[in-house]
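Only one structure is covered here, and it is reproduced in the block below.
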Amino acid sequence: MNPSSSLSTPQTMEAIVSLAKRRGFVYQASEIYGGIRGFWDYGPLGVLLKNNIRDWWWRCMVECPPVGPDGKIVDMVGLDSAIIQHPKTWEASGHTATFADPMRKCEKCGHILRADHYWDILTTQSKWFDELIKATDNGSKTDPDTLIRWVKNKARKSAPNLAANTFSNFAPPPNPDLHQLIRYLADQQDPCILCGGRLGDPEQFNLMMISYAGLQQTSENLVYLRPETAQGIFLNYKNILDTTRVKVPFGVAQVGKSFRNEVTPRNFIFRSREFEQMEMEFFCPPDEALKWYEFWKHQRMQWWLSLGIAPSNLRFRDHEPNELSHYSKATVDIEYKYPFTAPDFGELEGIAHRGDFDLTQHQKYSGAKLEYFDQDLQLRLKEQGASQDEIRQKSRYVPNVIEPASGLTRAVLVLLCEAYRYDESRPSKEYFAFKPRFAPVKVGIFPLVNKDGMPEIAEKLYLNLRKRLTCEYDPKQSIGKRYARMDEIGTPFCVTIDGETTSHQTVTVRHRDTQAQDKVHLSQVEAYLLERLNDESTSSSI
RNA sequence: GCGGCGGUAGCUCAAUGGUAGAGUACUAGCCUUCCAAGCUAGUUGUUGAGGGUUCGAGUCCCUUCCGCCGCUCCA
C-alpha cells in the first residue's frame with residue numbers, strides 16, 4: 001500500500017463508513033426504524049467481500065493447511081455447529097459464571113461493580129474508604145465529631161455523592177463495624193466506591209444473549225446464543241475422532257456467527273453484538289503444545305499478510321500473565337493499526353494456548369470420556385525402551401489445544417481500511433485498492449459506445465465470463481464515468497469493447513491501480529484475467 | 001452506563017420561528033470512439049421518533065432512539 005495516499009485518521013474512518021454505505025458494502029441494521037445499536041447489515045458488495053475472505057480462510061486452513069513444523073501433513077477438517085448448544089456447555093466453558101454476575105450500578109456516576117464482591121472491592125479499590133480508615137483510626141474512632149470532620153473535609157472531594165446524614169441529628173450507631181458505619185453514612189445504602197453515590201439494585205449483567213428453546217419462557221427452557229464458535233468444536237471433538245480418520249495432532253475449523261451483549265458497541269463494525277468468527281481448534285499432545293503454538297502464531301501472521309495488508313500495520317502483542325483468560329496458558333494477539341486506534345493498534349485475531357482446559361471441563365460436566373489414546377506415541381515409547389508404566393501413562397492423555405480465533409467481520413473492516421485510497425488527481429478520488437482475489441467484483445465489461453455492434457459483443461463476453469468470475473456489464477454513460485464507478489468499488493479490471501474489436505478481435509483491458517491499458521485478443525481475455533486474479537505476484541497494491 | 005457534541009434527499013451539506021433547498025448520485029432520452037464531458041426531462045424528504053410551546057417549529061422546550069469524541073466496560 002502507498003502510505004502517502006492513505007491517511008490513518010478519524011476523518012478517514014468517516015470517509016470509509018460513508019463510502020461503504022453509499023456503495024452498498026455495509027448498512028446500519030434496521031435503519032428505517034432508527035437503527036439498532038451494535039448490529040450491521042452487509043449489502044450486495046459487502047457480502048461478496050466477506051465471502052471472499054471467508055473462502056480464502058477456509059481454503060488456507062481446511063483444504064490447503066500449512067505443512068507442520070516437522071514437515072508432515074496435518075489433518076484438518078471443517079465443522080458447522082449449531083449456534084445454540086446445551087446450556088451446560090457454557091457452565092463447563094466458564095461463560096455462565098463469568099458472564100452472569102449480579103452487578104450494581106451507581107445512580108450518580110454510572111460505575112458498575114459486582115454486587116457479590118462489593119465489600120472486597122470497596123476495601124481494596126476505594127480512595128475515600130482509605131481516607132475514612134485513616135480518619136477513624138482504622139474504625140475505632142467513630143464518634144460524631146470525627147465523622148463530621150471527615151465528611152465536611154476530605155469526603156467532600158473524594159466522595160461527593162455520599163449521602164451523609166444531616167449533621168444536626170448525626171448519630172452513628174454505637175461501636176459500629178466498618179460496614180455498618182458506611183451504610184449509616186450513606187443513608188442505609190451501599191455507596192459507590194468511586195463517588196459515594198447510591199448503588200442501584202443488583203441486576204444480572206449477562207454478556208451472553210438469551211433465548212428460550214420451547215414455547216414457555218421458563219428457566220428450564222433458557223438457552224444462550226453462543227458467545228464464541230469454539231465450544232461447538234469441543235463438543236464435537238469425540239464425534240470427529242470416532243467418525244473420521246484424523247489422528248492427533250489435528251485441527252477442526254469453523255466459520256460462523258457469535259453474539260455478545262457488548263457494553264459499548266462502537267467503531268463501525270469493529271465491536272458489534274452480532275459478529276462472525278473464523279476459529280480453529282488444534283488438538284495436540286501436551287508436550288508438543290508450545291511448538292504448535294509458535295507454529296500457528298507464525299502461520300496466522302502469514303495469512304493476514306496474504307490479504308495484502310502492509311506489514312507495518314500488523315503486529316503481535318503477547319498477553320501479560322495477569323491479562324490471560326481463565327483457561328489460557330499463553331495468548332498472543334495479532335493487532336492491526338485501525339484508523340480509529342492509530343497510532344495505536346487494535347485486536348484482530350487471538351492465538352491462545354488453552355491447555356486441556358476445555359476438554360477436561362466438558363469431560364467433567366458431561367461425563368463423556370474425552371481422552372485420546374495415542375498409538376503412534378505408544379509405539380515410539382516402546383522403541384525407546386520405556387517402561388510399561390511410562391508407556392501406559394503417557395500414551396493416554398487429554399489433548400492440549402491451540403486456538404487461532406479471528407474475526408471475519410473484523411477482516412472485512414481491515415480490508416476496507418487497508419484498501420481505501422484518496423487521490424485528488426483521479427476521476428474517482430476515492431477508491432478501494434483490494435487485492436484482486438478479494439475484490440467483490442472482478443471485472444467490469446463495457447462497450448466503448450452504445451452502438452456500432454459493440455453492446456452485442458460486450459453482452460456476449462459478459463455472459464461467458466460471468467460463469468467463472470463476478471462481472472458487471474454496463475453500457476450506459478461515458479466510459480470515464482464507468483471506469484470511475486468500478487474504481488470506487490475496487491474492481492481490479494475493466495474490459496472495453498471498442499472499434500478494433502470488430503476489425504481486429506482485440507479488446508482493451510484497463511487496470512484499476514495504474515489506469516494502464518492492455519490490448520488483448522478477445523479469445524484470450526478469460527485466460528488473461530484468470531492468470532492475474534490468481535497470481536500472488538500481481539498484487540502491486542493490497 | 002456517564003459527560004460533551006451531533007442527526008435535514010442514497011451521499012456531502014444549506015435554510016433570522018414564516019413556501020424545505022443546492023451539489024452530487026440515481027432513472028429515461030439524445031449525444032459520446034478511452035478516464036466522473038454536455039443537453040433535456042424525471043425521481044428523491046413523516047427534517048431520526050414521540051410529545052409540548054406558538055397563529056406558525058428543521059429552528060425553542062421535554063422524552064426517547066441512533067451516531068461521533070472522552071471516560072467506563074470488553075471472562
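In what follows, chains are A, B, ... by sequence order, proteins preceding strands, each numbered from 1.
- At a threshold of 4.0 angstrom between heavy atoms, the contacts of A:Gln515 include nucleobase atoms, whether or not backbone atoms are also involved.
- In this structure, the CZ atom of A:Phe493 is 17 Å from the C1' atom of B:C35, given to the nearest Å.
- Among the heavy atoms of the strands lying under 4.0 Å from A:Phe268 are primed sugar atoms or P, OP1, OP2 only; no base atom is included.
- Residue A:Asn261 is out of contact with every strand shown, counting any heavy-atom pair closer than 4.0 Å.
- A gap of 26 Å separates the C1' atoms of B:G23 and B:G18, to the nearest Å.
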Readout for nucleotides 27-34 of chain B: B = base within 4.0 Å of protein heavy atom, S = sugar-phosphate only, - = neither; 5' to 3' it is -SS--BBB
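- In this structure, the side chains of A:Pro427 and A:Gln515 come closer than 4.5 Å at one or more pairs of heavy atoms.
- Distance check on atom P: B:U12 versus B:A25 gives 15 Å, rounded to whole Å.
- A salt bridge links A:Arg317 to A:Asp333: one of the charged nitrogens lies within less than 4.0 Å of a carboxylate oxygen.
- In this entry the distance linking CG of A:Asp487 with C1' of B:A25 reads 17 Å, nearest Å.
- Nearest-nucleotide positions on RNA chain B place A:His511 closer to the 5' end than the other of A:Arg271 and A:His511.
- Regarding A:Ile16, its CD1 atom lies at a distance of 17 Å from the P atom of B:C11, rounded to whole Å.
- In this structure, A:Glu347 reaches neither bases nor backbone, as no heavy-atom distance under 4.0 Å exists between it and the strands shown.
- A:Thr496 and A:Asp498 share no side-chain donor-acceptor pair at under 3.5 Å.
- Here, B:U43 and B:C62 have their C1' atoms 37 Å apart, quoted to the whole Å.
- Under 3.5 Å, the side chains of A:Glu418 and A:Asn313 contain a donor-acceptor pair of N or O atoms.
- Base pairing of B:G21 is made with B:C13, judged by Watson-Crick or G-U wobble geometry with both donor-acceptor distances under 3.5 Å.
- Using the six-membered ring where Trp is involved, A:Trp90 and A:His95 have ring planes that are perpendicular, over 60° apart on the 30 and 60° scheme.
- The partner of B:C68, taking Watson-Crick or G-U wobble pairs whose two distances both stay under 3.5 Å, is B:G4.
- Taking atom C1' in both B:G48 and B:A9, one finds a spacing of 14 Å when rounded to whole Å.
- Under the 6.0 Å distance and 45° angle rule, A:Arg510 counts as a cation-pi partner of A:Tyr483.
- Set against B:C69, B:G67, B:A36, the side chain of A:Glu488 has B:A36 as its closest nucleotide.
- Both tests hold for A:Arg426 against A:Tyr431: distance to the six-membered ring centre under 6.0 Å, angle to the ring axis within 45°.
- Using N1 to N3 plus N6-O4 or O6-N4 for Watson-Crick, or N1-O2 and O6-N3 for G-U wobble, each under 3.5 Å, B:A49 pairs with B:U63.
- To the nearest angstrom, C1' of B:C73 lies 14 Å from CD1 of A:Ile193.
- If you take atom P in B:A20 and the same atom in B:G45, they sit 14 Å apart, rounded to whole Å.
- For the OP1/OP2 pair of B:G10 and a distance below 4.0 Å, the side-chain nitrogens and oxygens of A:Lys21 include no atom meeting the criterion.
- Pairing for B:G38 is with B:C30, a Watson-Crick or G-U wobble pair whose two hydrogen-bonding atom distances lie under 3.5 Å.
- Nucleotides B:A36 and B:C2, compared at atom C1', are 46 Å apart to the nearest Å.
- Remark: B:C73 base-pairs with no nucleotide; criterion is Watson-Crick or G-U wobble with both hydrogen-bond distances under 3.5 Å.
- Side-chain to base pairing of A:Arg266 with B:G70: one donor and one acceptor N or O lie within less than 3.5 Å of each other.
- The residues A:Glu526 and A:Lys442 are annotated as not salt-bridged, no charged nitrogen and carboxylate oxygen being separated by less than 4.0 angstrom.
- For A:Lys481 and A:Ser18, each mapped to the nucleotide of RNA chain B holding its nearest heavy atom, the one lying further toward the 5' end belongs to A:Ser18.
- We find that CE of A:Met13 is positioned 9 Å from P of B:C68, with the value rounded to whole Å.
- Using a 4.0 Å heavy-atom criterion, one finds that A:Glu31 contacts no nucleic acid atom at all.
- One P atom belongs to B:U8, the other to B:G58, and the distance between them is 15 Å to the nearest Å.
- One P atom belongs to B:U46, the other to B:C11, and the distance between them is 12 Å to the nearest Å.
- Straight-line distance from the CG atom of A:Leu45 to the P atom of B:C11: 16 Å, rounded to whole Å.
- Other residues, nucleotides and ligands contribute at most 12 non-hydrogen atoms within 6.0 Å of the NE2 atom of A:His504.
- Here the P atom of nucleotide B:C35 and the CD atom of A:Glu424 are 19 Å apart, to the nearest Å.
- Annotation: cation-pi pair A:Arg532/A:Tyr528 present, NZ/CZ under 6.0 Å from the ring centroid and within 45° of its normal.
- For A:Asn267 and B:C74, the CG to P distance is 17 Å, given to the nearest whole Å.
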